[in-house]
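Everything on this sheet refers to the single structure shown next.
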Amino acid sequence: MNHKSLTTTIQKIFIILLLLVPYLSFSQQTDSTHLDQFIAKQVADYKIPGLAIGIIKNNKVIFKKGYGLTSTAKGFPVNTQTIFPISSCTKAFTAAALGILVDDGKINWDDKVIKYLPDFKLSDPWITKEVTITDILSHRSGLKTFDGDLLWYGTKNTRQDIARLIRYSPIRTNFRTDFAYQNIMYLVAGLVVESVTGKTWDEFLKERIFNPLKMTGTATNRDSITSESNFALPHIQNKPIKPLNMYNISPAGGVDSNIDDMLIWMQMLLAHGRIDDTTILADGTINTLTSVKTLFSINKDDGYGLGWYIKHTKNGKVINHNGGMPGYISSVVLLPDSSSGIVILTNKISQINDELVKAITGYMTRNNTFDWKEADKEMSGKNTVFDWDKKRKPQPKKSASIPNFSRYEGEYEDIAYGKAVIRREKGKPFLELLPTKELFSGFLHHIDADHCKIIFNDPFVPEGEVIFIRDTEKKITGFKLNIDSNDFLFDDLEFDKIP
């Protein structure tokens with residue numbers, strides 16, 4: 001081909017490309033529009049007050065947006081800078097903080113916890129001596145799932161108080177074998193960070209993770225939050241409620257963040273610990289954090305790493321974690337084989353997070369042939385209404401009276417949890433658990449001499465029973481609680497009456 005014909009050919013190709021550019025842009029815009037419309041429809045269908053989402057593909061942010069409002073009562077439009085509690089997605093930050101200390105040569109994963117916290121105790125002396133940093137980060141301490149959560153939920157106990165009181169919880173799972181999800185052990189991990197560095201867990205995260213990654217909207221306390229802040233309020237029954245203060249359990253679930261910052265965090269993890277010229281974690285440490293340490297089943301190579309759930313699918317490895325508190329759900333999913341990820345933050349508990357993740361994962365793997373209508377049909381949780389979003393039935397007034405009530409009145413105490421009081425409120429029998437009296441208090445409704453029904457103020461706790469304990473002379477010596485909660489071990493509490 002001569003020079004003239006080559007020039008003519010190049011010109012033709014250039015003209016064709018120019019003609020194609022608007023088409024390609026339109027195609028990408030249409031694809032993004034379909035995704036946008038799909039998410040917006042789900043937010044409406046699931047009746048979500050506010051949702052923010054970010055999507056990464058090939059370690060590039062391909063979509064991010066906010067939907068709805070921070071509050072259904074005079075809220076602001078949610079955007080990618082709206083602050084949400086990420087709850088248990090915090091655990092990955094705490095595990096990363098320990099990873100940084102490993103990289104610094106200050107600790108080892110197999111170091112015993114008592115090396116750094118000599119006063120730390122579990123109820124089993126042998127486990128106390130043997131439990132390691134890896135053990136407490138991978139939920140294999142021997143404690144039961146959610147054991148000790150009543151020590152922090154709504155209480156004024158400090159982090160140190162909670163770590164000290166966990167020694168009263170019995171060992172009920174197989175140490176270093178059984179998976180049992182544990183918030184208190186992540187609190188202990190945060191205290192290890194403080195012991196090693198001489199800085200609070202909060203200061204260390206800010207200095208070594210938040211600041212280097214320029215995560216300016218991320219924090220471990222809410223000192224700067226005001227009514228005018230771009231902060232998503234939690235919702236129950238589609239009404240905003242007061243968010244629970246998480247500071248005393250912060251290393252397990254107290255980070256607040258936004259989509260913009262979480263995308264940076266995820267990009268760093270997908271890039272093996274680096275972002276731009278900043279290294280947060282060594283590549284080998286990333287591998288350690290995201291490798292299974294506790295198996296869920298001997299038949300499948302799925303389990304928990306350090307701050308992450310890990311499973312293997314036909315499309316590759318999936319690393320994820322959810323977080324939840326009253327009125328909030330957060331979800332972080334990493335797909336390292338394709339350097340992709342999804343983060344979703346909402347201010348109402350529903351099934352939308354998990355179902356959106358499933359739909360969007362399918363969209364990213366076959367976006368040219370993805371059937372949005374079919375995906376909409378598979379969003380199956382739209383009509384699910386959880387108990388706390390249902391209005392409670394009013395209790396019959398006559399059931400509030402208890403014969404010989406003076407025999408029940410008085411102070412009671414559980415050795416770990418603290419005190420409770422049975423007294424009259426507005427002339428009616430009333431129970432309040434003092435460490436959490438704003439949430440765990442309510443009127444007693446007579447069933448028989450040894451049983452009363454209790455409905456606590458906290459809508460997340462189902463109604464249950466107070467069961468009174470008597471001595472051989474039929475004198476009341478204490479009480480236990482029979483409340484079938486998925487989140488709290490009320491059965492473990494035993495209140496003795498204080499003479």
Side-chain angles (χ1 to χ4, degrees), residues 123 143-157 165-170 172 236-237 326 386-499:
S123 61
L143 293 168
K144 189 176 179 179
T145 292
F146 299 146
D147 213 342
D149 281 358
L150 286 169
L151 298 173
W152 60 263
Y153 184 82
T155 75
K156 294 182 179 179
N157 287 332
L165 292 169
I166 197 63
R167 68 187 63 187
Y168 295 108
S169 294
R172 287 180 286 194
I236 292 178
Q237 297 179 16
F386 295 103
D387 288 343
W388 50 80
D389 280 324
K390 300 175 184 176
K391 288 187 177 180
R392 285 178 166 174
K393 295 179 182 179
Q395 298 301 311
K397 294 181 180 179
K398 64 179 181 179
S399 67
S401 62
I402 298 176
N404 301 311
F405 180 64
S406 60
R407 299 178 184 178
Y408 299 82
E409 287 183 287
E411 283 191 327
Y412 299 74
E413 187 170 21
D414 175 85
I415 188 171
Y417 181 75
K419 291 184 178 181
V421 173
I422 294 179
R423 58 177 178 80
R424 292 186 184 276
E425 173 77 11
K426 299 179 181 178
K428 299 177 183 179
F430 190 78
L431 168 65
E432 57 184 353
L433 308 188
L434 295 183
T436 323
K437 62 182 181 180
E438 288 186 11
L439 298 171
F440 296 162
S441 62
F443 291 102
L444 294 170
H445 300 271
H446 179 66
I447 298 175
D448 58 39
D450 294 330
H451 299 81
C452 288
K453 183 162 70 172
I454 179 69
I455 303 175
F456 284 136
N457 290 335
D458 189 343
F460 262 77
V461 177
E463 67 178 51
E465 289 184 356
V466 180
I467 303 171
F468 290 96
I469 303 167
R470 299 176 184 269
D471 62 17
T472 55
E473 297 177 355
K474 303 298 183 181
K475 183 180 179 181
I476 293 172
T477 59
F479 71 83
K480 288 181 67 68
L481 294 169
N482 180 20
I483 300 175
D484 187 15
S485 170
N486 292 326
D487 300 300
F488 301 109
L489 305 181
F490 285 103
D491 291 353
D492 288 347
L493 302 179
E494 185 164 343
F495 292 90
D496 296 322
K497 194 169 187 182
I498 299 174

Which atoms form the tightest heavy-atom contact between [X] and [Y], and what is the distance?
X    : Y    : answer
L433 : L431 : CD2-CD1, 4.2 Å
T145 : L489 : O-CD1, 3.8 Å
G464 : I483 : CA-CG1, 3.9 Å
R424 : G427 : NH1-O, 3.4 Å
K419 : P435 : O-CD, 3.2 Å
F443 : H445 : O-CD2, 3.5 Å

Rounded to the nearest 0.5 Å, how far does [atom2] of [Y] lie from [atom1] of [X]?
X    : Y    : atom1 : atom2 : result
L150 : N157 : CG    : CG    : 11.0 Å
L444 : I402 : CG    : CD1   : 5.0 Å
I422 : I476 : CD1   : CD1   : 7.5 Å
R470 : K475 : CZ    : NZ    : 12.0 Å
L143 : S169 : CG    : OG    : 6.0 Å
R407 : K474 : CZ    : NZ    : 12.5 Å

Under the rule for ring-ring contact (aromatic ring centres under 6.0 Å, His included), what residues qualify as partners of [X], not counting sequence neighbours?
X    : result
Y408 : F468
F495 : F479
Y417 : none
F386 : W388

Exercise. Mind checking what makes salt bridge (charged side-chain N to carboxylate O under 4.0 Å, His left out) contact with D496, not counting sequence neighbours?
Worked result: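 Testing D496 for salt bridge (charged side-chain N to carboxylate O under 4.0 Å, His left out), a comparison that skips the adjacent residues, returns none.
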Problem set entry | Q237 (side chain) donor-acceptor with K390 (main chain) under 3.5 angstrom |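 Looks like yes, one N/O pair under 3.5 Å.
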Problem set entry | Side chain D414, main chain E494, donor-acceptor under 3.5 Å |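 Flag set: sc D414 to bb E494 pair under 3.5 Å.
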Exercise. Which is it for L481 and I467 under the side chain to side chain contact (heavy atoms under 4.5 Å, CB included) test, yes or no, and what are the steps along the way?
Worked result: CA-CA 6 Å; L481 294 169; I467 303 171; over 6 Å; no
Side chain proximity check, [X] to [Y], heavy atoms < 4.5 angstrom:
X    : Y    : answer
F488 : F460 : no
F456 : L439 : no
P462 : D387 : no

For this session: Mind jotting down which residue pairs meet the side-chain hydrogen bond (donor to acceptor under 3.5 Å, both in side chains) criterion with at least one end in residues 481-493? Sequence neighbours excluded, please.
Result: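 Non-adjacent pairs meeting side-chain hydrogen bond (donor to acceptor under 3.5 Å, both in side chains): R172-D492.
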Problem set entry | Exceeds 12 heavy-atom contacts within 6.0 angstrom, atom NZ of K480 |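 Yes - once you tally the heavy atoms of other residues, nucleotides and ligands closer than 6.0 Å, there are more than 12.
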